[in-house]
Structure formats: C-alpha cells, structure tokens
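Okay, structure first, notes after.
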Amino acid sequence: MLATEGTFSSAIDSSGRFQFPSVLVKEVRPEAEGRFVMNRSTEKCITLYPMDVWKVYRERLSRVNVFQPAMRQAYRYFMGSATEVSLDKKNRMLIPKPLAQYAELEKDLLIVCTPAFIELWNPDLYEASLQQFAANDADAMNEIANQIFGGGDFYDSLS
C-alpha cells in the first residue's frame, strides 16, 4: 500500500523509460523487492502494481470461473498484458511498447497515485477523461460523494 496520493509529472525518454518519483520509491514495501507488474487498465491508461499488491490481485483473479465467457475474457484482458518490470539503479522504469501504445504514451507522462496501485496516463487523455466524467456523470459523481461523505458523520470526525 502507498501513502502518497495525487499526481506527478514525468517524461518518457527515447528508450521508453520514465523516472519513478523518489517519494514513491521510499513507500514501496520491502516485500515488493523493487518489482512491479504493469498491465492495461479498464481505462486508456496503464496500471502499475507493486509486486506484493499484484500477488493479492492475481490471487483474486485466479478464482475467476473461466468457463463463463465474460469472465474468461476479463481474465485474458487483465492477465494477458501483465508484464513484470523493475526499477533500474537510477529509479527509472521501462514501459513495454505494447502497453505504451495501448495508453497512447509518447513523451509526457502523468503518474496518478492511489493507495493500492499507480496509473500511468497520457496527460491529455487523463484530462479528457476527467472532463467527460464531469460533463456526463455529474449526478453520478454527486451520488458517489453523498455515499462517501453524506450523513454528517464525516463532519463530526473533523471536530
């Protein structure tokens, strides 16, 4: 699990590598041994899992009933692009070409952090995704926010 949240900017060099933020390097648990798994996300980005988190994710996926066509497709989608990567001595990470092409990553890179995983985005696609969500799903977003923060107990915890 990662404690850092938010976004970082980076750039992809001519070899397909990017500089991994030093603040994140310090947060990756020793169990991950500097190893990660990259794969396609359900959106037009790459999801990056520290190895210890990926093991939990993979175990959950292994329980999928592959005799159901939709589940088998989902299993292929997530496992078929899973690629182990690691940091080099300069804390750079190589993005495999098929994944970079999928996420339309070229030069600029936006690194979006969550507690369980990291997303690698083309900054333009990330912004377009946020704009589309805000424009099309404002009611859904308000409902989600109400489910998370509604009821007043959120404000009680601030005092």
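Nearest heavy-atom pair across Asn122 and Ala103 is CB-O, 3.8 Å. Here the closest non-hydrogen pair linking Arg40 and Tyr77 is NH2-O, 3.0 Å. In terms of heavy-atom proximity, Leu99 sits nearest to Thr83 at CD1-OG1, 4.2 Å.
Using a distance-only test at 3.5 Å, with no hydrogens or angles considered, a donor-acceptor pair links the side chain of Lys44 to the main chain of Tyr102. Asp108 places no side-chain N or O within 3.5 Å of a backbone atom of Ala11 that could act as its donor or acceptor partner.
By the criterion of side-chain heavy atoms lying less than 4.5 angstrom apart, applied directly or through intervening Ile, Leu, Val, Met, Phe, Trp or Tyr residues, Val64 is grouped together with Val37 in one hydrophobic cluster. Residues Phe20 and Ile95 share a single hydrophobic cluster, defined by chaining ILVMFWY side chains whose heavy atoms lie under 4.5 Å apart. Residue Leu87 is grouped with residue Leu109 when hydrophobic side chains (ILVMFWY) are merged at heavy-atom distances under 4.5 angstrom, including chains of intermediate members. Taking hydrophobic clusters as Ile, Leu, Val, Met, Phe, Trp and Tyr residues chained together by side-chain heavy-atom distances below 4.5 Å, Ile118 does not share a cluster with Val112. By the criterion of side-chain heavy atoms lying less than 4.5 angstrom apart, applied directly or through intervening Ile, Leu, Val, Met, Phe, Trp or Tyr residues, Val23 is grouped together with Phe36 in one hydrophobic cluster.
Interatomic distance, OG of Ser15 versus CZ of Arg92, reported as 8.0 Å (0.5 Å rounding). Here the CG-OH distance, from Leu61 to Tyr75, works out to 7.0 Å after rounding to the nearest 0.5 Å. Distance check: Arg35 CZ to Lys55 NZ gives 6.0 Å after rounding to the nearest 0.5 Å. Trp121 contributes atom CH2, which lies 6.5 Å from atom OG of Ser41 (distance to the nearest 0.5 angstrom).
A salt bridge is defined here as a Lys NZ or Arg NE, NH1 or NH2 lying under 4.0 Å from an Asp or Glu carboxylate O, and Glu59 with Arg63 meets this definition.
In this structure the side chain of Val53 never reaches within 4.5 angstrom of the side chain of Phe117, judged on heavy atoms. A 4.5 Å side-chain heavy-atom check between Asn91 and Gln19 finds at least one atom pair inside the cut-off. Counting heavy atoms from C-beta on, the side chains of Phe78 and Thr47 never come closer than 4.5 Å. Looking at Leu48 and Val85, their side chains come closer than 4.5 Å, going by heavy atoms from C-beta outward. Contact check for Asn39 versus Ile46: no side-chain heavy atoms found under the 4.5 Å cut-off. Between Glu84 and Met51, the closest side-chain pair of non-hydrogen atoms falls below 4.5 Å. Looking at Glu43 and Ser129, their side chains come closer than 4.5 Å, going by heavy atoms from C-beta outward.
Aromatic rings from Phe8 and Phe18 are positioned such that their centres are separated by 6.0 Å or more. Ring to ring, Tyr57 and Tyr49 are close: their centroids are under 6.0 angstrom apart.
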For this session: In sequence, state the C-alpha distance, the side-chain angles, and the governing distance for Arg17 and Met93, and then conclude on side chain to side chain contact (heavy atoms under 4.5 Å, CB included).
Result: CA-CA 5 Å; Arg17 298 173 301 192; Met93 187 177 290; over 6 Å; no
Exercise. Run the side chain to side chain contact (heavy atoms under 4.5 Å, CB included) check on Leu24 and Ile111 step by step: do they pass?
Worked result: CA-CA 11 Å; Leu24 295 178; Ile111 302 166; 4.3 Å; yes
For this session: Could you check Leu125 against Cys45 for side chain to side chain contact (heavy atoms under 4.5 Å, CB included), going step by step and ending with a plain yes or no?
Result: CA-CA 8 Å; Leu125 292 179; Cys45 68; over 6 Å; no
Exercise. Going through the distances and angles, do Ile12 and Leu105 end up as a side chain to side chain contact (heavy atoms under 4.5 Å, CB included)?
Worked result: CA-CA 8 Å; Ile12 300 170; Leu105 300 176; 3.6 Å; yes
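Residue Met71 qualifies as open at atom CE: its count of foreign heavy atoms under 6.0 Å is 12 or below.
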